[in-house]
Amino acid sequence: MASIFMDNLGKVYTGGVRAVTGVNLDIADGEMIVLVGPSGCGKSTLLRMVAGLETISEGSLKIGDRVVNNLEPADRDIAMVFQNYALYPHMTVYNNLAYGLKNRGFAKSEIQRRVNEAAQMLEIGQFLDRKPRQLSGGQRQRVAMGRALVREPAAFLFDEPLSNLDAKLRVQMRVEIRQLQKRLGTTSLYVTHDQLEALTMADRLVVLNGGQIEQVGTPMELYSRPATTFVAGFIGSPAMNMLSSEYLRGLVSAEALSHVPTQADLIGIRPEDLSLAAPKDGEISLTGTLMLLEPAGAESHLHLRFDGHDDMIVARLPHVPDVAEGAKLTFSLPRGKLHPFDRASGKRMA
Amino acid sequence: MQTKRMTFSSKWLPYALLAPQVIITLIFFIWPASQALYQSFLRQDIFGLRTNFVWFDNFNRLFADPLYLNSLKVTLVFSLGTTFLSMSVALLFAVMVNRMIRSRDSYTTFLVWPYAVAPAIAGVLWWFIFNPSIGIMPYMLKGFGYDWNHRSSSTDAMILVIIAAAWKQISYNFLFFLAGLQSIPHSLIEAAAIDGASRFKRFWTIVFPLLSPITFFLMVVNVVYAMFDTFGVIHATTEGGPAQATNILVYKVYRDGFVNLNLGSSAAQSVILMAIVIVLTVIQFRYIERRVNY
């Protein structure tokens, strides 16, 4: 177990392509950090730099109190779970788990003890004699976890480990990985492009964009106070609505927007902050035409057109309202729920 | 497996479409093969005036003939040696080329070239290189104190034909090994690296076992090549000598039949070769799928 310190980490590939720039991040012992971002944002590269599978071009990386920049992956005391699991197809599950321990010269009895312990923890005890191809996707995922567990490393690295599973299994494994990580208290770095996975699993969330950190914080911090328009658009589904403040000022009274900084020319509104209830005192009232109603079981998404606004506005209601498409609907919105941004820099204004 | 059923309007059309292939097989394979089979039961007198039907006597004589038994042994050594040499060198090249990124394609092209060289030309090439009086290799070996002469030393002769035969096959094996290496997911190697396996250990515990289906396939192909396709190499270098040391079965068929004109014995030998090909082909088709390791 250990903390991880990234000091101004950067990665430039031979040929000059820059993948990661100036990443500063301190990961506390036992913390679960989730790296999230769109494809090509450098999250996997950053993870692989920590693993030692990519060289580090700039900055320094410390695991525990050792600078590991120039150490081989095997000497960094980390374990990694790969997206395709990377199980050795010609070895039994037992040998897959034991391989890393054998290479490190553990005694046979110790290997047996650790493998059995991990197998029991992950409920794969009855598969130990099988080859990976005889296992289902979920079972393979468990074996991949087991291979990381038996090593008892300082840190776990996960590279989109759930993206090859079906939706139901993904939720189940998500819960199991998180429970296991909490119980073992092992420092973990988890890469995903799935924002729901990111929000539910992370102690702290790191949003990456174009190889740089956009924002670091707890899931709820990022959700309720996104620091940039990128984070605002990336975290939350459906994505945050963006309106120009000029347009909004034309719709509602100046008094209702008095707390919004005047330089803020872009206003974000979360779809779930709009409600069909009659506006109470001090609430903003907005009227739009319902273009499409998407019922989603317990909730519904309403796609609305506001006069004079090009993009559709989405509202998310915790029920499915009994309204017809084409109807004019009036929504209320608490004043404190506006997210003011500067359009040019994308930065939050207050 | 599902098969599609075709319906033809004319009853004769399907037969007409099959005819070219069937005719070629009949004329160039079935007919000569049956001739060989028939002749293997015949024996001519020395002037070719009388021909007797002798049943299996040609075969009986062969297996009692120390020269034929020697040829069997020589063939075994030669084909195993050629297979091992060409496969191990090809694997070494494939592993090294696989580590290149940009230069990979050019290396591959250069390494495949020898495959386009005719066996006889390859034989002549090696004949020159190893020629005891004018060759560069004997000259260099002399510097190390070794007196190379494949005209008098049977070991030297065997080494020469193995090198000459393996050289050409390296290209073929190299291509298969390279394709095999490229089909191994890179994450497996990375996982093994994280699992603390050295480069050497990663190769022998992960890469090599995963190549085993290809290795097995190439082994059969190479044995077949060494046993049946190397006539030109032998003919251009040692002509089976010295003292039968490199007289492999295929070369002996030619010598006994067309040089010594013992057609009955030569036919019997080719029937035995045919049987060996059939066995090897069966092995290849029956076990190649099953030997897949994962």
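A, B, ... follow the sequence lines: proteins, then strands. Residue 1 opens every chain.
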- Item | Distance in Å, Glu190(B) CD paired with Asp195(B) CG, rounded so as to fall on 0.5 Å steps | 12.5 Å
- Task: Among the options Leu87(A), Leu101(A), Val81(A), pick out the one with the most heavy-atom pairs lying under 4.5 Å from chain B.
- Result: Leu87(A)
- Item | Heavy-atom contact with chain B under 4.5 Å, split by part of Tyr88(A) | both
- Task: Name all residues meeting the side chain to side chain contact (heavy atoms under 4.5 Å, CB included) criterion together with Leu111(B); count only those two or more places apart in sequence or in a different chain, and write none if there are none.
- Result: Phe93(B), Val97(B), Phe174(B)
- Answer key: most heavy-atom pairs under 4.5 Å with chain A among Ser198(B), Pro185(B), Ala193(B), Ala191(B) is Ala191(B)
With a 3.5 Å cut-off and sequence neighbours excluded, list the donor-acceptor pairs that the side chains of residues 216-231 of chain B form with protein atoms.
{"residue": "Asn222(B)", "atom": "OD1", "partner": "Ser86(B)", "partner atom": "OG", "Å": "3.3"}
{"residue": "Asn222(B)", "atom": "OD1", "partner": "Asn173(B)", "partner atom": "ND2", "Å": "3.1"}
{"residue": "Asn222(B)", "atom": "ND2", "partner": "Asn173(B)", "partner atom": "OD1", "Å": "2.9"}
{"residue": "Asn222(B)", "atom": "ND2", "partner": "Leu218(B)", "partner atom": "O", "Å": "2.6"}
{"residue": "Tyr225(B)", "atom": "OH", "partner": "Ala165(B)", "partner atom": "O", "Å": "3.0"}
{"residue": "Thr230(B)", "atom": "OG1", "partner": "Ala226(B)", "partner atom": "O", "Å": "2.6"}

- Relative to each other, are the rings of Tyr172(B) and Phe176(B) parallel, tilted or perpendicular (30° and 60° limits)? tilted
- Note on the structure: Bottom line for Ala79(A): the part with an atom under 4.5 Å from chain B's heavy atoms is backbone
- For Phe84(B), look at atom CZ and say whether over 12 heavy atoms of other residues, nucleotides or ligands are found less than 6.0 Å away. no
- Arg76(A) versus chain B, heavy atoms under 4.5 Å apart: side chain, backbone, both or neither? neither
